[in-house]
2 protein chains.
Amino acid sequence: MKEVSRKEEIIKTAAKLFKEKGYSAVTMRDIATAMGIKAASLYNHITSKQDILKTIIISLAEEFTQGMENIKSSNVSSLNKLKEVITLHISITSQNTYGMASLNNDWMHLEEQLPYYLELRSNYENEFRTILNEGIGNKEFANSDVEVMLFSMLSTLRSLYIWIPKKDDLNSEELSNSLSHILINGINK
Amino acid sequence: MKEVSRKEEIIKTAAKLFKEKGYSAVTMRDIATAMGIKAASLYNHITSKQDILKTIIISLAEEFTQGMENIKSSNVSSLNKLKEVITLHISITSQNTYGMASLNNDWMHLEEQLPYYLELRSNYENEFRTILNEGIGNKEFANSDVEVMLFSMLSTLRSLYIWIPKKDDLNSEELSNSLSHILINGINK
DNA sequence: ATATTTAACTAACACTTGTTAGTTTGCTTG
DNA sequence: CAAGCAAACTAACAAGTGTTAGTTAAATAT
């Protein structure tokens, strides 16, 4: 019924604070103050601080998994798959830069859900690696060290949450094009 | 003399724990336990938890500043300056992967030293940007968006602390070469 | 109008936090 | 041997932590 539930507001507020100071440094009283209520009132909507973190991270991780699955099953060249991966990162990150900070920096504070998260991440990296290997195999990509390629690209894509908020004048498509160009062609003349 | 080395041991142990869980989630009792002593005993050597973080981060930030200054004043092409920057990151990160995690993830928990840190970082990024702009100006680099180039490279270089420990079989020179190649030429055929 | 639900509140809890004070132990040096 | 000292210890603290219990006030549904 309601456009944004109270619980979603809390999670959003928490994610914003988590981005600024990290999960461990943010107290329930911080979150409550940011919403103009008392800490105990939060518990009418959420079950624990842990649960807030879990919700933020797991939903994002599953978005990435789903996105990668779609790309995998699409019937396009390796180069276009790679471009779609870049677009996927930009798209998810643009919609939730706060949450992406938690995904990147606070995943180790997941408890019961940690093994599940690690599995999703590992699968995602494997799919990414497969795209690169296929592209090398069919001569679309240069025959460089796959692990270095993967590391370099993932590092950049994972850092987008820091950079996108500073450049919100740039639209997603432009960003996707210029980032693709630089990741694929480098900076060389 | 001995006190200095004991202090360094504490800082090293702390940095290792900070990398695993982040500054805020690590307690003085965690650090003490990892050293086989009691928390109160740490205070014979260090003055506060804050001070440990400050020491880790500021010394690394100053290493980067010094390294960039040397590169700036060296009389080589823009391309070679860029390669030296890459080597600088690999070199500093290899020697202290734990500390680099704090630099990247816990700088916001600096207190009095935060403005100083931010100044060093801002200056560093400006010098990096200058190298790229000069390279574009004299046609050594492609005329792409400088900010995207800078962001992409810095993201990769700042993530080295995660990656280097997993690949310690690879030596620094090899890594420097293959990373330089991919950052400069991309992955295209 | 009455009953139910929503969402806030106060008060308190058991535990953990960084840190201080004062003391003890064992090595090194005059 | 005595003195000094580095480096550990125990005990404690005041503040802050996530969370629970029980209550209240207003909005909504019957």
Side-chain angles (χ1 to χ4, degrees), chain A residues 1-58 98 102 105-114, chain B residues 1-58 98 102 105-114:
Chain A
M1 279 291 196
K2 282 165 259 164
E3 310 305 314
V4 177
S5 76
R6 203 75 177 119
K7 179 173 182 175
E8 278 165 355
E9 277 187 74
I10 291 172
I11 289 170
K12 211 169 170 181
T13 303
K16 186 171 181 174
L17 295 175
F18 291 169
K19 183 186 176 190
E20 286 165 16
K21 307 170 38 177
Y23 173 73
S24 302
V26 174
T27 71
M28 296 305 280
R29 285 163 182 84
D30 288 337
I31 300 171
T33 300
M35 299 202 59
I37 61 178
K38 300 284 166 160
S41 305
L42 295 170
Y43 289 85
N44 287 319
H45 309 281
I46 52 100
T47 68
S48 67
K49 189 189 178 189
Q50 243 316 282
D51 190 58
I52 297 176
L53 185 70
K54 184 199 80 185
T55 303
I56 294 171
I57 294 182
I58 298 297
Y98 301 144
S102 298
N105 303 325
D106 287 316
W107 56 268
M108 71 286 281
H109 299 118
L110 290 171
E111 290 169 5
E112 316 95 79
Q113 307 275 344
L114 181 57
Chain B
M1 273 302 202
K2 272 183 229 159
E3 207 234 320
V4 173
S5 101
R6 198 75 177 124
K7 179 173 182 175
E8 277 165 2
E9 275 187 77
I10 291 172
I11 289 170
K12 212 171 171 180
T13 303
K16 187 172 182 173
L17 295 174
F18 292 169
K19 184 186 176 190
E20 287 164 17
K21 308 173 32 176
Y23 173 74
S24 302
V26 173
T27 70
M28 297 304 282
R29 285 164 181 84
D30 288 337
I31 300 170
T33 301
M35 299 202 61
I37 62 178
K38 301 284 166 156
S41 305
L42 294 169
Y43 289 84
N44 286 319
H45 310 283
I46 53 98
T47 68
S48 66
K49 189 189 179 191
Q50 238 323 277
D51 190 59
I52 297 176
L53 185 70
K54 184 198 79 186
T55 303
I56 293 171
I57 294 181
I58 298 297
Y98 301 144
S102 298
N105 304 324
D106 287 315
W107 56 267
M108 72 286 281
H109 299 117
L110 290 171
E111 290 168 4
E112 315 95 80
Q113 307 276 341
L114 181 57

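Not measured: the values here are computed from a predicted model.
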At under 4.0 Å between heavy atoms, what does B:Ser41 touch on the DNA or RNA strands: base, sugar-phosphate, or nothing?
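Since a base atom lies under 4.0 Å of B:Ser41, the category is base.
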
Between [X] ([atom1]) and [N] ([atom2]), how many Å, whole number?
{"X": "B:Arg6", "N": "C:dC27", "atom1": "CZ", "atom2": "C1'", "result": "15 Å"}
{"X": "B:His109", "N": "C:dG18", "atom1": "NE2", "atom2": "P", "result": "13 Å"}
{"X": "A:Asp30", "N": "D:dG16", "atom1": "CG", "atom2": "P", "result": "11 Å"}
{"X": "A:Ile46", "N": "D:dT19", "atom1": "CD1", "atom2": "P", "result": "7 Å"}
{"X": "B:Lys7", "N": "D:dA6", "atom1": "NZ", "atom2": "C1'", "result": "15 Å"}

Side-chain contact test, heavy atoms from C-beta onward, threshold under 4.5 Å: evaluate it for A:Lys38 versus A:Arg29 and give yes or no.
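A:Lys38 does not reach A:Arg29 side chain to side chain.
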
Minimum side-chain heavy-atom gap B:Asp106-B:His109 below 4.5 Å:
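Touching, per the 4.5 Å side-chain cut-off.
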
State, to 0.1 Å, how close B:Leu42 and B:Met28 come at their nearest heavy-atom pair, and which atoms those are.
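So the two residues come closest at CD1-O, 3.4 Å.
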
Starting the side chain at C-beta, find the nucleotide from [options] nearest to [X].
{"X": "B:Lys49", "options": "C:dT10, D:dT19, C:dG18", "result": "C:dG18"}
{"X": "B:Ala40", "options": "C:dA7, D:dT10, C:dT19", "result": "D:dT10"}
{"X": "A:Asn44", "options": "D:dA12, D:dT19, C:dA7", "result": "C:dA7"}
{"X": "A:Tyr43", "options": "C:dA8, D:dG18, C:dT10", "result": "D:dG18"}
{"X": "A:Met28", "options": "C:dT10, D:dT19, C:dA21", "result": "D:dT19"}

Does C:dT6 have OP1 or OP2 under 4.0 Å away from a side-chain N or O of A:His45?
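False: A:His45 side-chain N/O out of range (4.0 Å or more) of C:dT6 OP1/OP2.
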
Quick one: is D:dT19 close enough that its OP1 or OP2 comes under 4.0 Å of any side-chain N or O from A:Arg29?
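Looking at the OP1 and OP2 atoms of D:dT19, neither is under 4.0 Å from any side-chain N or O of A:Arg29.
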
Nearest-nucleotide wise, let me know which of B:Ile10 and A:Gln50 is further upstream toward the 5' end of DNA chain D.
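Nearest nucleotide further toward 5': that of B:Ile10.
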
